[in-house]
2 protein chains.
Amino acid sequence: MFRPKVNNIILGDCEQRLKSFPSNFFDLIITSPPYADARKTTYGGIEADKYNEWFLKKSNEFFRVLKNTGTFILNIKEKVVDGERHTYVLELIMKLREQGWLWTEEFIWHKTTSAPGKWPNRFRDAWERCLQFNKNKEFAMYQEAVMVPAKESTKKRMLNLNENDLARQASKTQSTFGRKMSAWQNRELVYPDNVLYMAAECKNKGHSACFPSKLPEFFIKLFTQENDIVLDPFVGSGTTTQMARKLNRKYIGIELNEEYHKLAIERTNQD
Amino acid sequence: MFRPKVNNIILGDCEQRLKSFPSNFFDLIITSPPYADARKTTYGGIEADKYNEWFLKKSNEFFRVLKNTGTFILNIKEKVVDGERHTYVLELIMKLREQGWLWTEEFIWHKTTSAPGKWPNRFRDAWERCLQFNKNKEFAMYQEAVMVPAKESTKKRMLNLNENDLARQASKTQSTFGRKMSAWQNRELVYPDNVLYMAAECKNKGHSACFPSKLPEFFIKLFTQENDIVLDPFVGSGTTTQMARKLNRKYIGIELNEEYHKLAIERTNQD
DNA sequence: GTTCCGCATGAATCGATAG
DNA sequence: ACTATCGATTCATGCGGAA
């Protein structure tokens, strides 16, 4: 059978590019697609009312190329239109079910760094949906890979480790942080719950969307093993593929925009 | 005009009992209705597929008795049916909009101490929806009443405004400048966001639903003033009415079950 | 090497103003 | 009346430079 090249960032529209991939190929599809009406200059700005029509053609291909035991994670949040939360995401969930997807779970990503603002009739929006879809009730899940320390306060800290912390950890030596790390590791580990608490680090200046690396890291660990194949069909600046490579997974990223495509290749292959 | 007695816990079905109330009467309706299929012995167990039909008849009365500037808070979470999250809550949101409600916002209640458990293919469910509906785009909201302490890092910065802050302030008109600056420097309190993080205390043994008093407290403070009238049409063990009384709001609670009704009266009137 | 401090800015939203 | 653009508001955090 023809096997496409993996560990590759492809330029183009995911719906078209995926046609050259065999069915039942990927173990995990994880993506944060352009939100409705959000990125006018970069994606042509899909209107909220036309969003589902646009998205369902893509997701139909996702369904085909995902393994039967695979998982599809969709990070999305509806915006406020005319004072109300728009319902297109709710409708999309139901349309995806009609397309054959099982809506297994909805994780909440609690963004600690949400956009500022003060309005007379609403507070700051601090969360996004991470919708989990599957093709079958039986799917691969490796819960042990994402266990966290038992204490709530510590759990937050672990989920929220920034690269600065990681760098210091890597430098080892007798830094305070290193000592703390070993202390945490001695504590009892428990399974997390379906609320993910992490900062929206936005270092990637080239890309307007905040997609913290902790998010793909969590789901890649949870739903794949080493050498499994991960797809991000809207790979943007390459956060998903970068984490996949770091975690020794195979990856395919697809990106329509030439500049992001270039950036994604750079970021994925650095160190 | 006939004015029904307030500060009262009524025995009966809310749809029927509300008929004796005038239109545009309540400032806030907040409730945690029996979830689909969850409380078979106490409510006859509304099936997930028939839930909306059942609920929409009630919410139609809610719409009538709520003031035009009032708010309806619905605490609800869909259950897992056959391995999938059921979509009846999503459908309910859209049906409520057809009924005339505006879906203003969705708050997330992050339950810190939800029941432990281990399943092969999902984690602990640690959140519920608190859906905000309104009759008009203009509604009463008292944001200052629910402000929370600022993070330490932010407090420090406020004590020591830097040039960047000054520059951003300088772009404003003169009149705003002075006023706002002093407000900032004295600020230890900031506005919360739309993720509520509170423990699910379940002291009320008599009632099966966990509805921590912090939840009605937050929304009562946010959407009403003293002497405003609060309704909980599924008052259960009386958490909402207890908090309403404590906060010097008027209240009506309605409960179908005789034992809960008795319990709600007791708990509401205890100091 | 560590701690502290200053700085920039973000998947936002609203209301006013302009065309 | 309806749409497009613009200014104002506001908090958390990572980063870099200094002590």
Side-chain angles (χ1 to χ4, degrees), chain A residues 31-43 45-46 48 51 75-86 89 109-129 160-168 171-179 197-205 207-213 215 234 236-237 239, chain B residues 104-105 137-138 141 143 147-173 175-177 179-181 183-184 187-195:
Chain A
T31 197
S32 186
Y35 294 3
D37 226 0
R39 295 199 241 167
K40 277 198 169 119
T41 52
T42 60
Y43 270 93
I46 304 99
Y51 192 85
N75 169 225
I76 198 164
K77 179 68 189 261
E78 60 273 26
K79 52 179 274 183
V80 172
V81 174
D82 204 20
E84 279 188 280
R85 287 283 164 199
H86 202 286
V89 174
W109 167 29
H110 182 184
K111 295 186 286 186
T112 50
T113 332
S114 53
K118 163 89 176 75
W119 309 281
N121 50 11
R122 66 179 61 247
F123 288 135
R124 287 183 311 141
D125 189 13
W127 64 276
E128 297 193 10
R129 307 177 192 279
N160 211 9
L161 286 178
N162 56 45
E163 287 189 19
N164 204 15
D165 290 331
L166 292 170
R168 275 188 265 175
S171 75
K172 297 200 174 173
T173 60
Q174 304 101 344
S175 73
T176 9
F177 189 79
R179 275 184 270 123
Y197 181 90
M198 51 187 80
E201 17 136 340
C202 259
K203 291 182 217 149
N204 38 332
K205 303 250 201 263
H207 200 248
S208 60
C210 291
F211 194 47
S213 56
L215 211 55
F234 304 97
S237 58
T239 309
Chain B
T104 307
E105 181 58 303
K137 277 197 244 175
E138 310 279 324
M141 193 180 200
Q143 301 190 351
M147 293 184 84
V148 294
K151 292 273 161 66
E152 280 307 317
S153 55
T154 311
K155 268 195 239 177
K156 271 190 207 165
R157 180 168 159 273
M158 289 305 169
L159 290 171
N160 213 344
L161 289 174
N162 58 46
E163 279 184 32
N164 178 47
D165 293 324
L166 292 168
R168 293 174 93 175
Q169 287 293 322
S171 70
K172 285 174 211 149
T173 61
S175 57
T176 340
F177 183 82
R179 200 153 39 81
K180 278 293 164 193
M181 286 298 289
W184 274 34
R187 180 163 301 167
E188 302 240 329
L189 296 175
V190 299
Y191 296 101
D193 56 45
N194 59 0
V195 178

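Reminder, nothing fancy here: chain letters follow the sequence lines and each chain counts from 1. Keep in mind it's a predicted model, so treat the numbers as computed, not measured.
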Worksheet entry | Distance test, side-chain N/O of A/R124 to OP1/OP2 of C/dC14, below 4.0 Å | no
In whole angstrom, what separates [X]'s [atom1] from [N]'s [atom2]?
X: A/R122; N: C/dG15; atom1: CZ; atom2: P; answer: 10 Å
X: A/F123; N: D/dA12; atom1: CZ; atom2: P; answer: 13 Å
X: A/M198; N: D/dA12; atom1: CE; atom2: P; answer: 19 Å
X: A/R85; N: C/dC14; atom1: CZ; atom2: C1'; answer: 13 Å
X: A/K79; N: C/dG10; atom1: NZ; atom2: P; answer: 17 Å
X: A/D125; N: D/dA12; atom1: CG; atom2: P; answer: 15 Å
X: A/Y35; N: C/dT13; atom1: OH; atom2: P; answer: 12 Å
X: B/K137; N: C/dT13; atom1: NZ; atom2: P; answer: 15 Å

Tell me which nucleotide among [options] gets nearest to the side chain of [X].
X: A/K118; options: D/dC11, C/dT13, D/dT10; answer: D/dT10
X: B/Y191; options: C/dC14, D/dC11, C/dA12; answer: D/dC11
X: A/P120; options: D/dC11, C/dC14, C/dT13; answer: C/dC14
X: A/T113; options: C/dT13, D/dT13, D/dC11; answer: D/dT13
X: A/T112; options: D/dA12, C/dA12, C/dG10; answer: D/dA12

Worksheet item: Between atom NZ of A/K77 and atom OH of A/Y35, what is the distance when rounded to the nearest 0.5 Å?
Response: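 If we round to the nearest 0.5 Å, A/K77:NZ and A/Y35:OH are 9.0 Å apart.
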Are any non-hydrogen side-chain atoms of [X] and [Y] less than 4.5 angstrom apart?
X: B/T104; Y: A/R85; answer: no
X: A/S114; Y: A/D125; answer: no
X: B/V190; Y: B/V148; answer: yes
X: A/W119; Y: A/R124; answer: yes

Fill in: Which residue lies more 5' along DNA chain C, comparing A/E84 with A/I76 via nearest heavy atoms
A/I76
Worksheet item: A/R129 near the nucleic acid: base, sugar-phosphate alone, or nothing, with a heavy-atom cut-off under 4.0 Å?
Response: nothing
Worksheet entry | Counterpart base for D/dG7, defined by Watson-Crick or G-U wobble contacts under 3.5 Å |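 Base-paired to C/dC14.
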